[in-house]
Amino acid sequence: MDFINRELSWVDFNERVLLEAVNPENPLVEQLNFMSISSSNMDEFFMVRIGKLERKKDAGRTKPDPSGLTPAEQLEKASQKAKKLIKKQYDIYNSFIIPRLKEEGIELVSSKDIDKAEKKKLFGLFKTQIEPVLTPRVLNPKYPFPLLTAKRLYISALVKHEDHSEAVGLIPVPAGIKRLVVLSEGTKVRAMLLEDIISLFIGELYKNAKVNACMPFRITRNTDFLLDISSVDKIIEEMEKTVKRRSYGKPVRIEMPENGDNRLKNLIQKLLGASSDIVIPIQGPLDLTFLAKEVRKLKGFGHLRYKPFTPRIQPRLKDEKSIFDIIKDGDLLLHHPFDDYSAVVRFVKEAVEDPDVLAIKQTLYRVAGSKPFIALLAQAAQLGKQVTVLVEVRARFDEENNINWVRALEKAGCNVVYGSIKWKTHSKITMVVRREDDGLRQYMHLATGNYNDATAKAYTDVGLLTCDRQLARDGQAYFNILSGFVDTFPMTEIVESPYSFRDSMTNSIRREKENALKGSGGLIVAKMNSLSDAKIIKELYEAADAGAYVYLMIRGVCCLKVPEHGRIVVRSIVGRYLEHARIFVFYNEGLKDTYISSADWMKRNLDKRLELTIPIKENNIAKKLHDILATEFSDNTQAWQMQADGTYKKIPQGENKISSQEEFMQKSQPPFNFDEVFYTNPKP
């Protein structure tokens, strides 16, 4: 039974992201964004995935993964594949991105490209705006090598003193100054990178010495640390330590210019105590995220961007009556970013302002900023409402922000839960308890995406607004679990990880297998971010071998390798919006059991996180979810399909060009039908 290694699958996913930088369907400025995302993704890959493998190797771990590779073998293969992808990244940058930018009037210049007038202008800028911020150093062998911050640009220099002694100079490139320095703007823009300007005038920083060579470099450090959490009270303390430790974790990658001075490269490597294996030669600027952060934001190039899109407000939500009366009329499905996220904000805002609302409960995983949810929850507490909020302070790379929000909410009078000792809380749920004529009623928002108004504009997710009484009882039981009860309260309909999610999904897959064996048409259609759990993959293989059809829409990591028989289809959509929703449909002889979830089919989500998977009970909402999946599997513009050898190929367009995300932007209802796409003629 074949399995694809998780790390290698992840690199394949990032290659799909990178190739959107040359996709002619994307405007040039948006191509820059995909290039930046691929660069940022590689940072995280080295910090987390390579870092974890380094830690396992150092600990002497030899247990192979489901693909049969030991940690050491995974490390070698993943590192080599990542290096090849980085080379491809810079090949695209140099051969495609730079020429295309120049064609459109944006020229990124080096010191060789500027004339005397520009150099004079830059010198004045350097002396007045840059040099005062810099802190040049000369490293002394008598003192320890300084601790260098991860992911920060540094400029190193070979400095020769008047007494002919030689030393290494070090200049941190200031993060507070824009990295892209514009020399001229308008219809034609000429710009230069900050590190190139500093290098051009580096002699001004070492006036009593000669600089024989200089070059930028950048370090990526391991951020995968084992946590020591013995009690709830220690969660924040341990996460504060972890945030600090990231500054001095073991280096896992050193980026240096390929054409940099060899002596200087060797000295920096030696001073960092790093092996040559982690040094990656770069054929261009280090850290390409500046393309999105600064080049993409240049004014006057609107024609090179996506056409603006305004999310729609569903007709029912345009009614002036309260959101609670609207929900009582029937559940509402929200499909973001195509449906405006203001509906979710409105739900919480009206709960805060409604005098009949007694309590608000919410889980927060990644929060963009203080608005809107933090401020609303704080306001509710100050108005005397009972506010319970779980802030997951272990959300990777958001720990520091979340710790700050914990303290702000506690100060406002909210009852704040930091999380479970054992597991991260990754569920997305808000509950409002309201006093009504017939007693208390609970309203809920249950979703696949975080309560983050920024990512809600960039990620595709689904959410359900409901006041279903059984779902509400289950939701109340779940909040009791979060607030410290050791034993699980019985949850009748909502499926929770790590208690029942694995069994529920396994049983549903096995039922489709049995239905296929008895000739009643086994069918599984599932959409998620990642699929890596070996046990679930084995169940899917067995179901397909028995005759069931399995359609998987998996954006990122997929460790399942499609069999030759063709009854498993794996696709991935990489488009304008990041695909983030989790939707599971089991045909069940026509009943079409349908769920939305915060969880992927990964071991961590199945067994090591607190997650919620919600059954969809109203047929009209289930049908919309079914047709969303059908539309995505009809995509022939942004979709890739896994081949039998594990590689991915872009779906050929054919006569009719179909982009599912464009379809969702243009139409309020998904245009493709589930039965026609998956059941009437299920063969791919």
Side-chain angles (χ1 to χ4, degrees), residues 1-4 9 66-67 495 501-528 530-554 557-573 582-595 597 600-602 606 613 615-616 619 622-623 625-636 639-649 651 672-684:
M1 197 170 291
D2 287 336
F3 291 88
I4 298 172
S9 179
S67 73
V495 182
F501 183 47
R502 179 182 288 282
D503 286 345
S504 174
M505 296 296 102
T506 300
N507 291 338
S508 294
I509 295 169
R510 287 178 180 175
R511 186 182 59 221
E512 296 308 309
K513 172 186 170 181
E514 294 303 317
N515 288 341
L517 288 171
K518 68 183 184 182
S520 58
L523 175 64
I524 300 161
V525 185
K527 172 184 170 68
M528 66 199 85
S530 297
L531 168 61
S532 63
D533 184 79
K535 292 179 181 178
I536 291 289
I537 291 172
K538 182 174 179 288
E539 297 289 345
L540 293 171
Y541 281 143
E542 291 181 359
D545 289 343
Y549 282 91
V550 179
Y551 285 82
L552 302 170
M553 183 63 72
I554 301 172
V557 170
C558 180
C559 296
L560 177 149
K561 189 174 182 181
V562 294
E564 293 282 356
H565 57 54
R567 285 189 292 276
I568 299 181
V569 177
V570 175
R571 289 191 181 175
S572 170
I573 288 176
R582 291 93 167 180
I583 306 169
F584 310 125
V585 181
F586 303 96
Y587 196 72
N588 194 13
E589 298 182 304
L591 293 177
K592 297 178 191 169
D593 298 341
T594 304
Y595 304 86
S597 180
D600 294 316
W601 287 348
M602 303 178 73
L606 290 154
T613 299
I616 301 302
N619 290 335
K623 184 180 186 310
L625 288 166
H626 300 160
D627 295 346
I628 286 172
L629 292 172
T631 303
E632 292 183 343
F633 272 93
S634 301
D635 193 309
N636 60 13
W640 299 74
Q641 181 156 320
M642 183 190 285
Q643 308 301 299
D645 63 357
T647 61
Y648 285 78
K649 286 186 180 179
I651 300 291
F672 289 86
N673 180 272
F674 183 90
D675 281 349
E676 292 175 1
V677 171
F678 298 115
Y679 198 74
T680 305
N681 183 26
K683 293 184 180 180

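Everything numeric in this text was worked out from a predicted model, so none of it was measured.
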Asker: Measuring only between side-chain heavy atoms, which start at C-beta, is Leu531 closer than 4.5 Å to Cys558?
Answerer: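 A side-chain contact under 4.5 Å exists here.
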Asker: Side chains of His626 and Asp675 only: does a donor on one sit below 3.5 Å from an acceptor on the other?
Answerer: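 No pair is found: no donor N or O on one side chain lies under 3.5 Å from an acceptor on the other.
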Asker: From Ile583 CD1 over to Ile628 CD1, what is the distance, rounded to the nearest 0.5 angstrom?
Answerer: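 Nearest 0.5 Å value for the CD1-CD1 distance: 5.5 Å.
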Asker: Side chains of Tyr587 and Val525, heavy atoms from C-beta outward: is any pair under 4.5 Å?
Answerer: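 Heavy-atom side-chain distance check fails, nothing below 4.5 Å.
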Asker: With heavy-atom distances below 4.5 Å as the criterion, would you say the side chains of Thr647 and Met642 are in contact?
Answerer: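 In short, these two side chains do not touch, never coming nearer than 4.5 Å.
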Asker: Before giving the answer on salt bridge (charged side-chain N to carboxylate O under 4.0 Å, His left out), spell out for Arg510 and Glu514 the whole-Å C-alpha distance, their side-chain angles and the decisive distance to 0.1 Å.
Answerer: CA-CA 6 Å; Arg510 287 178 180 175; Glu514 294 303 317; over 6 Å; no
Asker: May I ask you to decide if Phe586's main-chain N or O and Tyr595's side chain share a donor-acceptor pair within less than 3.5 Å?
Answerer: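 Such a contact is absent between Tyr595 side chain and Phe586 backbone.
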Asker: Among Asp627, Leu625, Asn619, find the one that has a side chain to side chain contact (heavy atoms under 4.5 Å, CB included) with Lys623.
Answerer: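 Of all the options given, the one that passes is Asp627.
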Asker: Testing the basics here: between Leu606 and Asp600, what is the closest heavy-atom pair and its distance to 0.1 Å?
Answerer: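 Heavy-atom minimum between the residues: CG-O, 4.5 Å.
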Asker: Which atoms form the tightest heavy-atom contact between Ala526 and Trp601, and what is the distance?
Answerer: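 Closest pair (atom of Ala526, atom of Trp601, distance): CB-CH2, 3.8 Å.
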Asker: What's the separation between atom CG in Leu540 and atom CE in Met505, rounded to the nearest 0.5 Å?
Answerer: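 Spacing of CG (Leu540) from CE (Met505) equals 11.0 Å.
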Asker: Work out which heavy atom in Lys561 is nearest to a heavy atom in Ala644; give both atom names and the distance.
Answerer: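 Closest heavy-atom pair between Lys561 and Ala644: CE-O, 3.1 Å.
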Asker: Please assess Thr594 against Phe674 for the test side chain to side chain contact (heavy atoms under 4.5 Å, CB included), listing each intermediate value before the final yes or no.
Answerer: CA-CA 12 Å; Thr594 304; Phe674 183 90; over 6 Å; no
Asker: Taking only residues two or more places apart in sequence, or in another chain, which ones meet Asp503 in a salt bridge (charged side-chain N to carboxylate O under 4.0 Å, His left out)?
Answerer: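 Result, salt bridge (charged side-chain N to carboxylate O under 4.0 Å, His left out) vs Asp503: none returned.
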Asker: Taking the basic N atoms (NZ, or NE/NH1/NH2) and the acidic carboxylate oxygens, is any pair closer than 4.0 Å for Arg571 and Asp635?
Answerer: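 Not counted as a salt bridge, because no side-chain N and carboxylate O are separated by less than 4.0 Å.
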Asker: Going through the distances and angles, do Val550 and Tyr541 end up as a side chain to side chain contact (heavy atoms under 4.5 Å, CB included)?
Answerer: CA-CA 9 Å; Val550 179; Tyr541 281 143; over 6 Å; no
Asker: Specify the closest pair of heavy atoms between Ile4 and Gly646, including all atoms of both residues, with the distance to one decimal.
Answerer: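 Reported closest heavy-atom pair: CD1-CA, 4.1 Å.
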Asker: Report the distance from atom CE of Met528 to atom CG of Leu552, rounding to the nearest 0.5 Å.
Answerer: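 Answer for the CE-CG pair, Met528 versus Leu552, is 5.5 Å.
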Asker: Considering only NZ, NE, NH1 and NH2 on the basic side and carboxylate oxygens on the acidic side, decide whether Lys535 and Glu539 come within less than 4.0 Å.
Answerer: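 Not counted as a salt bridge, because no side-chain N and carboxylate O are separated by less than 4.0 Å.
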Asker: Determine yes or no for a side-chain-to-main-chain donor-acceptor pair under 3.5 angstrom, with Gln643 supplying the side chain and Gln641 the backbone.
Answerer: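 Side chain of Gln643 to backbone of Gln641: a pair is present.
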Asker: What's the shortest heavy-atom distance between Ile573 and Glu632, and which atoms?
Answerer: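 Heavy atoms only, the tightest pair is CD1-O, 3.7 Å.
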Asker: Which pair of non-hydrogen atoms, one from Pro66 and one from Phe3, has the smallest distance, and what is that distance?
Answerer: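 The answer is O-CD1, 3.6 Å.
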Asker: Show the numbers, then the answer: is there a side chain to side chain contact (heavy atoms under 4.5 Å, CB included) between Phe584 and Ser508?
Answerer: CA-CA 10 Å; Phe584 310 125; Ser508 294; over 6 Å; no
Asker: So, Ser520 side chain and Lys518 main chain: donor-acceptor pair closer than 3.5 Å or not?
Answerer: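 Flag not set: sc Ser520 to bb Lys518 has no pair under 3.5 Å.
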Asker: Drop me the distance from Ile554's CD1 to Lys527's NZ, to the nearest 0.5 angstrom.
Answerer: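 Answer for the CD1-NZ pair, Ile554 versus Lys527, is 10.5 Å.
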Asker: If the test is ring-ring contact (aromatic ring centres under 6.0 Å, His included), which one of Phe633, Tyr549, Phe672 qualifies with Phe678?
Answerer: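 With Phe678 as partner, ring-ring contact (aromatic ring centres under 6.0 Å, His included) holds for just one option, Phe633.
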Asker: Is there a side-chain contact between Thr506 and Ile536 (heavy atoms, below 4.5 Å)?
Answerer: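 Yes; the side chains approach each other to less than 4.5 Å.
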Asker: Please check this pair: side chain of Glu512 against backbone of Asn588, looking for a donor-acceptor N/O pair closer than 3.5 Å.
Answerer: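 Checked: pair present.
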Asker: Can you confirm whether Arg502 sits close enough to Asp533 that some side-chain heavy atom of one is under 4.5 Å from a side-chain heavy atom of the other?
Answerer: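 Arg502 reaches Asp533 side chain to side chain.
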Asker: Can you check whether Cys559 reaches Ile537 side chain to side chain, under 4.5 Å on heavy atoms?
Answerer: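 They are in side-chain contact.
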